[in-house]
Amino acid sequence: MRFQLTDDQRALRAAVRDVVGRASSAGAWGLVAPRGGAADVHSPAPLKAPRIDRGFWRALGDLGVFSLRLAEVDGGAGLGLPEAVLVFEELGWALVPGPLVATHLAAGVVPGAATGEVVVAAADGSLVEWLDEADVVLPGAEGAVALRSVDPLTPLHRVPAPARIDPVAVLLTAAEQLGTAVRVGELAVQHARTREQFGQPIGAFQAVKHLCAQALVRVEVARAAVYAAAVTADPVDIAAARLLADEAAVRGARDCLQVHGGMGFTWESEVHLHLKRAWVRARRAGGNTESEELLAADLVAGVA
Amino acid sequence: MDLTCTPEEEEFRARLREWLAKVLPTLSAKPSPDDWPARRVYDLGWQRMLYDAGYADVHWDASPTTRLIFLEETEKAGAPYVGANFVGLLHAGPTIAAEGTAEQRERWLPPVLRGDEVWCQGFSEPDAGSDLAALRTRAWRDGDDYVVSGSKIWTSHAEVADWCELLVRTDPAAPKHRGISWLAMPMDAPGITVRPLRTLAGSAEFAEVFLDEVRVPVGNRVGDENDGWRVTMVTLSFERGTAFVGEVVACRRVLGELAQEARRNGRWDDSVLRRRLGRLNAEFRALWRLTQWNVSEAEASGGVPGVGGSVFKLRYSHARQELYDAAAEVLGVESLDLERPWVLDRLSSLSYTIAAGTSQIQQNIVAERILGLPKGR
Ligand SMILES: Cc1cc2nc3c(=O)[nH]c(=O)nc-3n(C[C@H](O)[C@H](O)[C@H](O)COP(=O)(O)OP(=O)(O)OC[C@H]3O[C@@H](n4cnc5c(N)ncnc54)[C@H](O)[C@@H]3O)c2cc1C
């Protein structure tokens, strides 16, 4: 048993972090207006409908984000779910917007998806993300109704008939959630180390320390579950991974916000963006109910 | 990332399975929890069987993966738990193996492996629990002996122990972490009084131990004089790093049984309860994966387990309590009947967030030693 990353897997992760990490640090995807002076505080920048940066999407394609699991003869890297999970963890970490999972799943099916030339959205459960920006929507989106999306970086439509749920989509979503959980944990610890109150860093207070410690515990448990599910590709393992990863992301983002105090409640701090994205992902593929029922059924499977 | 075992490891698993299938039916019935002398005989009898079959030192000498297979298979087969031999096998033994002299290893390790001698852990005191380094039990040098006076509390299995891994203060003038030594104290020495305490589950699992000028040879000290805190950290890392691994398998089995019981008594139709059990399935699957992850990491790096054990213990101790709370939900009013399965387990699970370092203390350890947050005042 060698349930640890191989050197190749580490290198892949670092390469992806290098590209998407740089993009994300360039101002939380253009959502935060550059600070021009005191006047900005009283008239914050108006919110624009989010767009997909086609250049960046192609850069993701060049990086292999979409084609990773295609065979080499089909222009892919011939890698597997474990590698895909590591890549999607990084995308989650950097808060990369766009229908990443849908386009990844469409590689090899929809021409141009693998290279990032075409943006593919999908009806997943009863939601479609990025419907208006997509070039192709699978399997279709009849009767779609626009929602005013809670996540400013993910436009949403509701569709009437819940679509079939693909376990790989669930797994890659869990990987993105894991990335979010890691990121918000880092942000919380960074802030706890530097922000001072009562003459010492707030991280010296146990109430704060324990929030951070619990965030790490959730990340470690979720990581083990997500990576193992990527290795086994077993639907029950995947359902377990999604529950743990949802919890780590949502709970972690909330606690991160708490650690940031008033600053955490502002639009300027990126914390809310992570929480909102985690909420959106938690609703994919039938939400928690679907996964919990699958895991419950597993407990009695094989018992007459 | 790979979850498959090597052919040698699978061969170990197959041999162990075969052996378990052969010997387990020959075991006598488990003694009642309050019959300590009988429990000692039973637990040590099992250790002796392991010894004779060549499995005794699996916790010390085998690769981490092999150990994991051992714990997984023995638990799946319903084999006895290490029980009274717990301290000797899982932390005093490994500590002596890591820190003791050749002579000390020769004196103390074989009897633990053979199931001849039982150890207990005399760390906690009435005024030094979480703040373990505040311990006050004193030891003076008198010729070739230490003379020890003070008292210990919550000492598990003290009633039937032959030896005690004892922390004493050898230099009261030094800062509190610097004046401690780690001794092996024979439990039949004059001056020792053991007074059993009853747990909230009704059994006498632990005891108070009073020490009145007990003479312990200086040669029984493991590590240098006043260097006991460092040795203690080695012991605690074994305690937290490995002690609960086999139990995760047991919890997964209990969860399956709970689902069956719920189907039998109709509670399964309650979707809230059903989904709660589904979520627990996710929890224990994930804890098993974390175990495999940690074991692989230990295998890659070698040596004493690190603070990662605190991460595992924090989550596991909580999950175990959730599991037995869910059991109570399945049982309904039956959960108030001590005769029903899982009710005593529910009671004893309450100790998991306290014993071997409380959850609050574990969170401090994770925050300070893993995340690097500053120590509080
Ligand atoms: C079943 C069982 C078996 C045991 N077996 C043994 C044994 O064999 N040998 C042995 O030596 N000991 C044993 N113990 C003792 C165990 O290690 C201690 O109970 C434990 O370390 C807590 O110490 P305490 O009981 O003195 O509680 P306290 O330290 O008094 O703690 C009380 C409460 O205060 C909290 N607290 C204390 N300090 C802090 C802090 N700095 N920050 C935040 N919260 C804090 C604790 O988390 C806890 O909630 C056993 C305990 C149990 C329950």
Side-chain angles (χ1 to χ4, degrees), chain A residues 1-6 9 82 85-86 185 188-189 192-193 199-206 208-232 236-237 239-244 247 288-289 291-300 303, chain B residues 1-6 9 64-65 68-69 255-256 258-260 262-263 268 271 273-297 299-300 308 310-312 314-315 359-360 362-368 370-377:
Chain A
M1 197 174 63
R2 290 283 174 276
F3 187 33
Q4 292 283 305
L5 301 196
T6 62
Q9 287 168 340
V85 152
L86 294 174
V189 170
R193 277 209 201 108
Q200 59 180 334
I202 57 170
F205 298 114
Q206 270 195 350
V208 174
K209 209 175 259 186
H210 290 186
L211 287 177
C212 295
Q214 283 298 343
L216 179 83
V217 171
R218 286 188 298 258
V219 163
E220 293 304 316
V221 179
R223 182 192 304 286
V226 171
Y227 290 1
V231 173
T232 67
V236 187
D237 277 342
R242 95 79 57 86
L243 289 181
L244 275 299
E247 184 205 21
N288 282 339
T289 313
S291 303
E292 285 167 353
E293 288 287 5
L294 180 63
L295 283 149
D298 168 66
L299 286 175
V300 294
V303 179
Chain B
M1 287 186 282
D2 185 4
L3 284 161
T4 55
C5 294
T6 64
E9 288 160 351
T65 301
L68 190 72
I69 293 171
L255 192 55
L258 271 182
Q260 285 175 50
R263 288 236 298 196
W268 191 249
S271 69
L273 179 68
R274 199 171 60 231
R275 286 171 52 192
R276 184 168 167 188
L277 295 178
R279 195 165 260 282
L280 280 165
N281 188 7
E283 183 74 30
F284 284 103
R285 278 170 174 264
L287 281 165
W288 182 246
R289 297 312 191 186
L290 181 61
T291 300
Q292 291 175 315
W293 181 264
N294 288 344
V295 161
S296 293
E297 196 170 43
E299 201 141 79
S310 291
V311 171
F312 178 82
L314 270 168
R315 185 80 179 204
S359 291
Q360 285 70 37
Q362 304 290 353
Q363 288 180 101
N364 289 349
I365 291 173
V366 168
E368 289 165 13
I370 301 181
L371 298 177
L373 289 174
K375 277 197 186 303
R377 288 192 292 214

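No hydrogens, no waters, no symmetry mates; every other heavy atom, side chains included, goes into these values. Letters go in sequence order (proteins before strands), and every chain restarts at 1.
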[atom1]-[atom2] distance between [X] and [Y], expressed to the nearest 0.5 angstrom:
X	Y	atom1	atom2	result
B:Arg274	A:Glu292	CZ	CD	10.5 Å
B:Leu373	A:Phe205	CG	CZ	12.5 Å
B:Arg315	A:Gln214	CZ	CD	8.0 Å
B:Gln363	A:Leu211	CD	CG	8.5 Å
A:Asp298	B:Asn281	CG	CG	5.0 Å
A:Arg2	B:Thr4	CZ	OG1	9.5 Å

Heavy-atom cut-off 4.5 Å, strictly under: side chain, backbone, both or neither for [X] against chain B?
X	result
A:Ala239	neither
A:Ser291	neither
A:Arg218	both
A:Val208	neither

Under 4.5 Å heavy-atom distance to chain A, tell me which part of [X] shows up: side chain, backbone, both or neither.
X	answer
B:Arg285	side chain
B:Gln292	both
B:Leu371	both
B:Trp268	side chain
B:Leu258	neither
B:Leu68	side chain

Kindly give the heavy-atom pair with the smallest separation between A:Leu295 and B:Ala282, and that separation in Å. CD1-CB, 3.7 Å
Might you point out which heavy atoms bring B:Trp293 and A:Arg223 nearest each other, and give the distance in Å? CZ2-CD, 4.3 Å
Could you walk me through whether B:Arg289 and A:Thr232 pass side chain to side chain contact (heavy atoms under 4.5 Å, CB included), step by step? CA-CA 11 Å; B:Arg289 297 312 191 186; A:Thr232 67; 3.6 Å; yes
Answer key: most heavy-atom pairs under 4.5 Å with chain B among A:Leu5, A:Asp237, A:Asn288 is A:Asp237
Has the side chain of A:Gln9 got a donor or acceptor atom that lies under 3.5 Å from a matching backbone atom of B:Met1?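 Answer holds: yes.
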Taking A:Lys209 for its side chain and B:Ile365 for its backbone only, find out whether a donor-acceptor pair lies under 3.5 Å.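 No, the answer is negative, given that no donor and acceptor are paired below the 3.5 Å cut-off.
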Would you please test B:Thr6 and A:Met1 for side chain to side chain contact (heavy atoms under 4.5 Å, CB included) and show each step? CA-CA 7 Å; B:Thr6 64; A:Met1 197 174 63; over 6 Å; no
For each of B:Gly256, B:Ala367, B:Ser296, B:Ala259, tally heavy-atom pairs with chain A at distances under 4.5 Å, and name the one with the top tally.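 Result: the option with the highest number of such pairs is B:Ser296.
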Out of B:Asn364, B:Leu314, B:Leu277, return the one with the most heavy atom pairs under 4.5 angstrom to chain A. B:Asn364
I'd like to know whether CZ of A:Arg193 has more than 12 heavy-atom contacts from other residues, nucleotides or ligands below 6.0 angstrom.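 Counting other residues, nucleotides and ligands, CZ of A:Arg193 exceeds 12 neighbours.
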Just one of A:Val221, A:Val217, A:Leu244 clears the side chain to side chain contact (heavy atoms under 4.5 Å, CB included) bar with B:Leu290, so which one?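 Looking at A:Val221, A:Val217, A:Leu244, the match for B:Leu290 under the side chain to side chain contact (heavy atoms under 4.5 Å, CB included) is A:Val221.
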